[in-house]
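Structure first, commentary second.
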Amino acid sequence: MTDRRPIIAANWKMYKTHLEAIQAVQKLSYLLDTADTEKTEVVIVPPFTALRSVQTLLESDKIPYGLGAQNMHPDEQGAFTGEVSPLMLVALKVGYVIVGHSERRTLFGETDTTVNRKAVAAFAAGLTPIVCIGETLDQRERNETFDVLDRQIKVGLDGLTREQMGLLVLAYEPVWAIGTGRNATPAQAAEAHGHIRQRLRQWFGAEAADQCHVIYGGSVKPDNIRDLVKQPDVDGALVGGASLDVRGFFEIVTRSRPAAV
Ligand code: PGA
């Protein structure tokens, strides 16, 4: 990694009420010290219902974590029952938004085109998208991993400027590794991240490719984070299941520091 500060994001999915979310952030802030958060950017991505409570806590207690949402609608407002707009997130001082998580792609029909609309809208509103890409097991077994990643990058990030690409967070999350307990090996992660970085360089230029964070997701745990972040193009992690346990998530954060590697 050049001088990209690692990002460790906790994707809490549909877990934790706002009260449980507050408790978890308080507990985490007792465990993590300033040295940890200076070296690693910690991002909490709770359900929508907990965003306001977590934001208030981060602000009042001066806890230096980023705050993210798990999804958003690309339009600013409208008759879209059940949806949340970029402007609503910005008003809550949310900084990040996950776009195109594989659960949204497979369970809620999101396509690369949807992902693209959301990524463009996120930047337009001042949010940093965490765009998720990754192949299924079938695709890997058919040797299509690079083709799938290329398509997801090309279509999903179409029209973003080089400057936006430098700010973007891309999460490589092989679908077969999400929630399965079977993480990609460090070598598999290194290969995919290396490919992604090379494509970014080719399509968006060296500077954007160097600045863009490419983080890994899929069964990240305290005992595998070290070997994953040791890979030169792995700039941190998007952590699902293991982020629900505060102690475990704390260990993941402290083990993601370059010094600890
Ligand atoms: P997992 O989820 O860590 O539970 O595999 C990762 C994710 O869905 O982002």
Side-chain angles (χ1 to χ4, degrees), residues 6-16 20-21 24 28 40-48 50-51 65-72 94-110 114-115 118-119 122 127-137 139-140 145 148-149 152-153 156 168-186 188-189 192-193 196 213-229 231 234-256:
I7 295 175
I8 301 289
N11 174 13
W12 285 347
K13 308 191 179 185
M14 200 173 73
Y15 293 96
K16 295 192 194 292
E20 291 164 339
L28 185 65
T40 301
E41 167 147 30
V42 175
V43 181
I44 304 295
V45 192
F48 286 125
L51 282 172
Y65 308 161
L67 181 63
Q70 296 175 16
N71 181 34
M72 62 166 212
V94 169
Y96 292 91
V97 60
I98 296 178
V99 171
H101 188 280
S102 75
E103 285 151 16
R104 299 227 45 97
R105 291 178 190 255
T106 49
L107 304 173
F108 301 98
E110 294 198 6
T114 327
V115 169
K118 293 186 179 189
L127 294 159
T128 299
I130 301 175
V131 175
C132 301
I133 59 175
E135 81 287 358
T136 62
L137 189 56
Q139 290 165 333
R140 174 162 281 265
T145 299
V148 170
L149 296 177
Q152 290 174 331
I153 294 171
L168 182 81
V169 181
L170 253 185
Y172 169 62
E173 299 206 298
V175 179
W176 48 271
I178 297 178
T180 58
R182 177 181 165 194
N183 61 290
T185 62
Q188 286 171 323
H193 282 241
I196 292 165
H213 280 77
V214 185
I215 63 178
Y216 169 81
S219 298
V220 170
K221 296 191 196 64
D223 63 7
N224 60 26
I225 183 70
R226 243 185 209 128
D227 286 338
L228 289 163
V229 293
Q231 310 308 314
V234 178
D235 306 326
L238 181 55
V239 189
S243 71
L244 295 171
D245 171 60
V246 175
R247 182 87 218 175
F249 185 67
F250 157 75
E251 310 247 319
I252 291 173
V253 172
T254 55
R255 293 175 190 184
S256 71

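Fair warning: this is a prediction, and the values are worked out from it, not measured in the lab. Start at 1 and go down the list; that is how both ligands and their atoms are numbered.
- Near Gly179, meaning under 4.0 Å from one of its heavy atoms, ligand 1 places the atoms 1 (P), 4 (O), 5 (O).
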Q | Steps toward side chain to side chain contact (heavy atoms under 4.5 Å, CB included) verdict (Gln152, Val131) | A | CA-CA 10 Å; Gln152 290 174 331; Val131 175; over 6 Å; no
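- Listed for the Asp235 side chain is a donor-acceptor partner under 3.5 Å among the backbone atoms of Val214.
- Contact atoms of ligand 1 toward Gly241: 1 (P), 3 (O), 4 (O) (distance under 4.0 Å to a heavy atom of the residue).
- Rounded to the nearest 0.5 angstrom, Asn11 CG and Cys132 SG are separated by 7.5 Å.
- At least one heavy atom of His101 sits less than 4.0 Å from an atom of ligand 1.
- Against a heavy-atom cut-off of under 4.0 Å, Gly240 is close to the following atoms of ligand 1: 1 (P), 2 (O), 3 (O), 4 (O), 6 (C).
- Annotation for ligand 1: atoms under 4.0 Å from non-hydrogen atoms of Ile178 are 2 (O), 5 (O), 8 (O).
- Remark: Lys13 engages Glu103 in a salt bridge (Lys or Arg N to Asp or Glu O under 4.0 Å) (not counting sequence neighbours).
- Within ligand 1, counting atoms from 1 as listed, the ones closer than 4.0 Å to a heavy atom of Glu173 are 6 (C), 7 (C), 9 (O).
- Per-residue contacts place Asn11 under 4.0 angstrom from the following atoms of ligand 1 (heavy atoms of the residue considered): 9 (O).
- Residue contacts with ligand 1 do not include Ala242, since none of its heavy atoms lies under 4.0 Å from the ligand.
- Looking at residues two or more places apart in sequence or on another chain, you find no salt bridge (Lys or Arg N to Asp or Glu O under 4.0 Å) involving Arg182.
- Contact analysis puts Ala177 in contact with ligand 1, with a non-hydrogen atom separation below 4.0 angstrom.
- Looking at Glu135, Gln188, His193 one by one, the single match for side-chain hydrogen bond (donor to acceptor under 3.5 Å, both in side chains) with Tyr172 turns out to be Glu135.
- When only non-hydrogen protein atoms are considered, atom 2 (O) of ligand 1 lies nearest to Lys13 NZ, 3.3 Å.
- Shown in contact with Gly218 at under 4.0 Å from a heavy atom are these atoms of ligand 1, numbered in order with element: 5 (O).
- No side-chain donor-acceptor contact under 3.5 Å links Tyr96 to the backbone of Ile98.
- Residues Phe108 and Asn71 are not in side-chain contact: their nearest non-hydrogen atoms beyond the backbone lie 4.5 Å or more apart.
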